[in-house]
Amino acid sequence: MTILDKITQTASNYPDRTAYHTFCPDDLKSGGVGSSLNWKQLDDYSSRLAVYLDRTLTTRKPVVVYGHKNPYMIVCFLACVKSGRAYCPVDISVPSGRLGLIIDEVSPELVLATEELPVHGGNILSLPSVISVIENETETIDKACRVTGDDVFYIIFTSGSTGTPKGVQITCACLDRFLEWASGLGGGFEEGEPCTFLNQAPFSFDLSVMDLYLALYTGGTLWAVDKRVQGDMKLLLKTLWESGAGVWVSTPSFADVCLSDRQFGEKLMPKLKRFLFCGETLTNHTAGRLEAAFPKAEIINTYGPTESTVAVTEVRVTPRINETYNPLPVGKEKKGTWILIVDEEGNELPDGQKGEMVIAGDTVSPGYWKNRKLTEEKFGNREIEGRVYRTYRTGDRGYRRDGLLFYCGRMDLQVKLHGYRIEIEDIESNLMKLPQVRQAAVVPVMKDGKARSLTAYVAVKGTAGEAVWNSFAAAQEIRGLLRQYLPEYMIPKKIVFLDSLPMTANGKADRKALGGNGS
């Protein structure tokens, strides 16, 4: 059964059950309790909006959906795919310059905006107009219009080494196969016992696919945590208590933030039975603290890039696993997926040897949106057990031991920071756009094998070493200018001004030397 069939079924069987809930600081000021949609509303509203899209749009181009955690964002997502169009989610945290690049790349007929759009996006349907369409539409959408099989379901843009984000296409079939597997993670989800899933990640980050669509696939409730709530510990603890969440989906970094408060534990969230982690390395230290705070909850570690539909491996991190392995394993592949550890020539390596992790399987993306060259570089095909599967070269380094897979960092200039995949060259390219900058290099600051922050080394134009370019104010100016092009999580925490950057023998920035100076 497809995800859209599951949604229709739950809406029919449990129309009044809450499908989506969110809470923001403005709700607290106004005395409100947040915004919700029940299952009937979610299904009906998205179908009505789908009718409008089918009637007014002349092409099958993807639709950009802009916003944050407004319930109507989910309505827009489902309306797009019910009308036969992929959607491309963009969060409000994406700066206007980058938003403009994404809109230009997608070239949509329509942008659905649940928040005020900071750039000119062509044909825009704002939230009041979306609601008006839903209230006035009386026709129903034909099921034959829906995306199916190898049709693209969504496109998520990730950091690109050229400074331009790249769009990862995920098909309906990829999503359905992912959900079939993910719905069995840990102890699985029993029919008729709806569960509340916590949503931390913005919807333009592929980790959110795990909580959003698992909640929809299992007939549960998604409890979305607004970014402003995440930045206020008092409000965060309040919404965690009120959520009644049974499944926690986040990056390990977000769990670390919560663990910094003594109240975060079983008494605060007594119904919590499962942690699902993806997006970055789960450390032994974090796992140990969670075991102590939530002794009855399962801790599931997963691995997978956006290009393979969120995650393709899993392991339950028990106290024994935590004591036996450091770093922690990312587990075993799901059914229909194989991860090959290969050397530079593509030859498979024996257990224990580190190499590039190449994913082959039934949830691998068909490639990047309108980027044939990069698609051909990263994706391929391989016959396994009599069937041809798509493959993806991850650029991740890993190895296999005791039948378990282990991830041990990137092979290129890409890092994972707070769960976000960042191309270092993306930041450098945007630094070089600034009129003041002559040279730039960015290095991650590592601790316990994990990127903790970014440091930018910059040589400015004009007189080298001027005092003004060694000031805190100058660093703040550079950060402020970068915010025109990059989201906040990609802004370097530290800016170091140099007369010139150290270079390697082949004329490239010597990152090893910079890392030694700046860590």
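Numbers here are sequence positions counted from 1. Note that this is a predicted model, so its numbers are computed, not measured. Atoms considered below: every heavy atom in the structure, side chains included; atoms not considered: hydrogens, waters and symmetry mates.
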When you compare the side chain of [Y] with that of [X], does any pair of heavy atoms fall below 4.5 Å?
X      : Y      : answer
Tyr420 : Met490 : no
Thr18  : Thr196 : no
His418 : Phe254 : no
Asp211 : Trp248 : no
Leu99  : Leu117 : yes
Val65  : Cys80  : yes
Leu272 : Leu240 : no
Leu486 : Ile491 : yes

Salt bridge check: are [X] and [Y] linked by an N-O gap of less than 4.0 Å?
X      : Y      : answer
Asp412 : Arg410 : yes
Lys6   : Asp176 : no
Lys82  : Asp43  : yes

Please answer whether the main-chain N or O of [Y] pairs with a side-chain N or O of [X] as donor and acceptor at a distance below 3.5 Å.
X      : Y      : answer
Arg479 : Pro492 : yes
Ser47  : Thr140 : no
Gln41  : Asn38  : yes
Ser46  : Leu42  : yes
Glu137 : Leu49  : no
Glu333 : Ile339 : yes
Thr313 : Tyr303 : yes
Ser365 : Gly367 : yes
Ser208 : Ser204 : no
Glu115 : Ile92  : no

Discussion item. Going by side-chain hydrogen bond (donor to acceptor under 3.5 Å, both in side chains), name the pairs with one or both residues in residues 99-108, residues two or more places apart or in two chains.
Written reply: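 Every side-chain hydrogen bond (donor to acceptor under 3.5 Å, both in side chains) pair that includes a residue of residues 99-108, provided the two are not neighbours, is Lys61-Ser107.
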Nearest 0.5 Å, please: how far is [atom2] in [Y] from [atom1] in [X]?
X      : Y      : atom1 : atom2 : answer
Trp369 : Phe157 : CH2   : CZ    : 8.0 Å
Asp396 : Met357 : CG    : CE    : 6.5 Å
Ile495 : Tyr457 : CD1   : OH    : 10.5 Å
Lys69  : Ile74  : NZ    : CD1   : 9.0 Å
Thr363 : Trp181 : OG1   : CH2   : 8.5 Å
Thr10  : Arg17  : OG1   : CZ    : 7.0 Å

For atom [atom1] of [X], is the number of surrounding heavy atoms from other residues, nucleotides or ligands below 6.0 Å larger than 12?
X      : atom1 : answer
Glu116 : CD    : no
Lys370 : NZ    : yes
Glu180 : CD    : no

Checking [Y] against [X]: is there a side-chain donor and acceptor pair closer than 3.5 Å?
X      : Y      : result
Glu488 : Ser93  : no
Trp223 : Thr221 : no
Tyr368 : Glu307 : yes
Thr148 : Arg146 : no

For residues [X] and [Y], report the shortest heavy-atom separation together with the two atoms involved.
X      : Y      : answer
Pro62  : Ile155 : CG-CD1, 3.7 Å
Asp426 : Arg98  : OD2-NH2, 2.6 Å
Ala451 : Lys416 : CB-O, 3.5 Å
Ile141 : Val51  : N-CG2, 3.4 Å
Met233 : Val257 : CE-O, 3.4 Å
Lys450 : Asp256 : NZ-OD2, 4.1 Å

Discussion item. Please confirm whether the ring centroid of Tyr87 lies under 6.0 Å from the ring centroid of Phe203.
Written reply: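 Ring centres of Phe203 and Tyr87 not closer than 6.0 Å.
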Practice prompt. Measure from the ring center of Tyr154 to the ring center of Phe77 and say whether it is less than 6.0 Å.
Written response: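 When the ring centroids of Tyr154 and Phe77 are compared, they turn out to be at least 6.0 Å apart.
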Practice prompt. List the steps and the verdict of side-chain contact (heavy atoms from CB on, under 4.5 Å) for Leu481 and Gln436.
Written response: CA-CA 10 Å; Leu481 292 168; Gln436 302 93 330; 3.3 Å; yes
Worksheet item: Mind checking what makes side chain to side chain contact (heavy atoms under 4.5 Å, CB included) contact with Thr158, not counting sequence neighbours?
Response: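 Scan of Thr158 (side chain to side chain contact (heavy atoms under 4.5 Å, CB included), adjacent residues dropped) gives Ile156, Lys166, Val168, Thr306, Arg421.
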Worksheet item: For Glu376, which of Lys378, Lys373, Arg372 qualifies under side-chain hydrogen bond (donor to acceptor under 3.5 Å, both in side chains)?
Response: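 Among Lys378, Lys373, Arg372, the one meeting side-chain hydrogen bond (donor to acceptor under 3.5 Å, both in side chains) with Glu376 is Arg372.
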Worksheet item: Which of these passes ring pair (Phe, Tyr, Trp, His ring centres under 6.0 Å) with Tyr213: Phe178, Phe153, Phe197?
Response: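 That would be Phe153; it is the only one of Phe178, Phe153, Phe197 passing the ring pair (Phe, Tyr, Trp, His ring centres under 6.0 Å) with Tyr213.
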Discussion item. Looking at Tyr485, I'd like to know if the NZ or CZ of Lys433 sits under 6.0 Å from its six-membered ring centre while staying within 45 degrees of the ring's axis.
Written reply: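 Satisfied, under 6.0 Å and within 45°.
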Practice prompt. Show the numbers, then the answer: is there a side-chain contact (heavy atoms from CB on, under 4.5 Å) between Leu222 and His21?
Written response: CA-CA 6 Å; Leu222 189 71; His21 179 89; over 6 Å; no
Worksheet item: Aromatic rings Phe379 and Tyr392: how do their planes relate, parallel, tilted or perpendicular, breaks at 30° and 60°?
Response: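 Rings of Phe379 and Tyr392: tilted, as their planes differ by 30° to 60°.
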Worksheet entry | Working for side-chain contact (heavy atoms from CB on, under 4.5 Å), residues Asp362 and Lys334 | CA-CA 10 Å; Asp362 58 12; Lys334 71 173 186 63; 2.6 Å; yes
Practice prompt. Test side-chain contact (heavy atoms from CB on, under 4.5 Å) on Val81 and Cys172 and set out the steps.
Written response: CA-CA 9 Å; Val81 293; Cys172 186; over 6 Å; no
